[in-house]
2 protein chains.
Amino acid sequence: MHYEKILKSLSDRTRLRILYVLLKAKKELCICEIMDTLALEHYNVSKHMKELKVTGLVKEQRSGKFVFYALADNKDSFVRNIVEAVAAIPETEFNEDTKRLNKRLTLRQNGKCVVGILKKSRKQKG
Amino acid sequence: MHYEKILKSLSDRTRLRILYVLLKAKKELCICEIMDTLALEHYNVSKHMKELKVTGLVKEQRSGKFVFYALADNKDSFVRNIVEAVAAIPETEFNEDTKRLNKRLTLRQNGKCVVGILKKSRKQKG
DNA sequence: ACCATATATGCACATAAGCGCATATATGCA
DNA sequence: TGCATATATGCGCTTATGTGCATATATGGT
């Protein structure tokens, strides 16, 4: 395995935020929820998710038009320690993300995201 | 603290090797020992040590002409988990380094490095 | 003071990485 | 089949990063 690649995949602040959010959410999140949580464009989130997928930190599952991402179950002790380290980061570090995540999750219906990408023009309408 | 910077400092294979070697050596190593262990040029080792120092993973202590490096004592749980992760990497991953380290350590006298940089011309002589 | 040696640093170069934009793919619905 | 929407990907650009070489600094011995 390429240990340094796993570390590299988390050496970017955006990806670290993504992993942290997935950790704290403790549930699958779709791209649109993650992009709203991080306040980033969907294509960047998408690219970062791919990296996290490649290194095996994250798993993906499609459900209709939506693609849900979650932490992968890792047996490797190296990866488990890394994930534990990220979990040990104080919440204040990603406070804004947490706020936005919680707000966004209230839009779920029956525990699933039904919102999609909130474009600026549509955000105005609600 | 900048968590992603700590991860980034270990996202390079050379620096990961350095940390691993310091972990397994369980003692201070000087630059010349590290460069022989990793089979790298001194100036690269030096630069990498600086990075590891900046992120607080490694501490430095000068003793005469020699500069010794060792793992820093970290209280932060994030860093401790990261270091634990690195320690959990199987020895086979850095087998060659371990071999070269052990060989190099036999050159110590009274537990201290007295060898310095073995230039090619001097290596011939022993 | 001078020299040898241990380590550090500045510079130029090649490569990698992240971003924004445009566009492509995939899915569901009419 | 055609369209809207969710997500992914390719491209060009800018910036960051690692390396090698040359050189600088630091220390001890003569």
Side-chain angles (χ1 to χ4, degrees), chain A residues 2 4-5 7-18 28-55 58 60-69 104 107-108 112-123 125, chain B residues 2 4-5 7-18 28-36 38-55 58-69 104 107-108 112-123 125:
Chain A
H2 303 289
E4 68 271 16
K5 291 195 178 158
L7 292 161
K8 182 170 289 183
S9 76
L10 291 175
S11 72
D12 174 83
R13 173 148 260 253
T14 302
R15 288 191 293 270
L16 188 60
R17 287 166 71 199
I18 291 173
E28 300 181 324
L29 298 177
C30 77
I31 293 277
C32 60
E33 287 172 324
I34 297 175
M35 62 171 278
D36 282 350
T37 296
L38 306 184
L40 293 175
E41 300 300 324
H42 70 98
Y43 46 79
N44 280 329
V45 175
S46 194
K47 285 171 192 171
H48 286 306
M49 296 315 297
K50 187 180 181 181
E51 278 224 45
L52 293 171
K53 227 171 28 180
V54 166
T55 52
V58 150
E60 163 191 338
Q61 186 189 351
R62 182 174 275 273
S63 166
K65 278 197 291 189
F66 296 79
V67 177
F68 288 89
Y69 286 94
R104 185 59 157 76
L107 300 182
R108 282 194 173 193
K112 280 233 163 182
C113 174
V114 294
V115 174
I117 298 175
L118 299 167
K119 286 182 187 158
K120 270 127 200 172
S121 56
R122 294 195 294 140
K123 264 183 184 163
K125 300 183 202 165
Chain B
H2 302 287
E4 68 272 16
K5 291 195 179 158
L7 292 161
K8 182 171 291 183
S9 77
L10 292 175
S11 72
D12 175 82
R13 172 148 261 251
T14 301
R15 288 192 294 269
L16 187 59
R17 288 166 71 200
I18 291 173
E28 301 180 324
L29 299 177
C30 77
I31 292 278
C32 61
E33 288 173 324
I34 297 174
M35 62 172 277
D36 283 349
L38 305 184
L40 292 175
E41 299 301 324
H42 70 97
Y43 44 80
N44 279 330
V45 174
S46 194
K47 285 171 191 170
H48 286 307
M49 296 317 296
K50 188 180 180 180
E51 278 224 44
L52 292 172
K53 227 173 26 180
V54 166
T55 52
V58 150
K59 64 182 176 184
E60 163 193 337
Q61 186 190 350
R62 183 174 275 274
S63 166
K65 280 196 291 190
F66 296 78
V67 177
F68 288 88
Y69 286 94
R104 185 58 157 77
L107 301 181
R108 282 193 172 194
K112 279 230 164 184
C113 174
V114 294
V115 174
I117 297 174
L118 299 167
K119 286 183 186 154
K120 270 126 200 172
S121 56
R122 292 196 295 141
K123 264 184 183 161
K125 301 183 199 165

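Chain identifiers are assigned alphabetically (A, B, ...) following the order of the sequence lines, protein sequences preceding nucleic acid strands; residue numbering begins at 1 within each chain. We use all heavy atoms of the structure for the numbers below, so side chains are in, but hydrogens, waters and symmetry mates are not.
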* Asked: What does B:Glu33 touch in the nucleic acid at a heavy-atom separation under 4.0 angstrom: a base, only the sugar-phosphate, or nothing?
  -> nothing
* Structure fact -> Looking only at heavy atoms, the pair that brings A:Leu38 and A:Arg17 closest together is O-NH2, 2.9 Å
* Counting side-chain heavy atoms from C-beta on, which of D:dG28, C:dG18, D:dC21 comes nearest to B:Tyr43? -> D:dC21
* Structure fact -> Walking DNA chain D from its 5' end, the first of B:Arg62 and B:Lys47 to be reached, judged by nearest nucleotide, is B:Lys47
* Pairwise side-chain contact, B:Leu52 with B:Leu10, heavy-atom cut-off 4.5 Å (strictly under) -> yes
* Out of C:dG18, D:dA8, D:dG18, which has the shortest distance to the side chain of B:Asp12? -> D:dG18
* **From B:His2 atom NE2 to B:Thr55 atom OG1, the distance as rounded to the nearest 0.5 Å** => 11.5 Å
* Answer whether the closest heavy-atom distance between the side chains of A:Ser63 and A:Glu28 falls below 4.5 Å. => no
* To the nearest Å, how far apart are A:Glu41 CD and C:dC21 C1'? -> 10 Å
* To do: Specify the separation, in whole Å, of atom CG of A:Asp36 and atom P of D:dT5.
  => 16 Å
* Structure fact -> Here the helical stems involving DNA chain C, each at least 3 consecutive Watson-Crick or G-U pairs closer than 3.5 Å, sorted by first residue number, are C:1-30 with D:1-30
* Run the salt-bridge test on A:Arg108 and A:Glu33 with the 4.0 Å N-O cut-off and return the result as yes or no. => yes
* Separation of D:dT9 C1' from A:Asn44 CG (nearest whole Å) -> 12 Å
* Do B:Arg104 and B:Cys32 have side-chain heavy atoms sitting under 4.5 Å apart? -> yes
* To do: Would you mind telling me which residue lines up with the more 5' stretch of DNA chain C, A:Ser63 or A:His48, judged by nearest nucleotide?
  => A:His48
* Hey, does B:Tyr69 reach any base, or is it just sugar-phosphate, or nothing, if we go heavy atoms under 4.0 Å? -> sugar-phosphate
* Asked: In whole angstrom, what separates A:Arg13's CZ from D:dT15's C1'?
  -> 19 Å
* Asked: Got A:Met49 and A:Glu60 here, is their nearest side-chain heavy-atom distance under 4.5 Å?
  -> no
* Between B:Thr14 and D:dT19, is there a side-chain N or O to OP1/OP2 distance below 4.0 Å? -> yes
* Asked: For B:Met35 and D:dG18, what is the distance between atoms CE and P respectively, to the nearest whole Å?
  -> 19 Å
* Asked: What does A:Lys8 touch in the nucleic acid at a heavy-atom separation under 4.0 angstrom: a base, only the sugar-phosphate, or nothing?
  -> sugar-phosphate
* What integer distance in Å separates A:His42:NE2 from C:dT25:P? -> 16 Å
* Whole-Å gap separating P (D:dT19) and NZ (B:Lys50) -> 16 Å
* Rounded to the nearest Å, what distance is computed from the CD1 atom of residue A:Ile34 to the C1' atom of nucleotide D:dA8? -> 14 Å
* Nucleotide of D:dT7, C:dT7, C:dA22 approaching A:Val67 most closely (side-chain heavy atoms) -> D:dT7
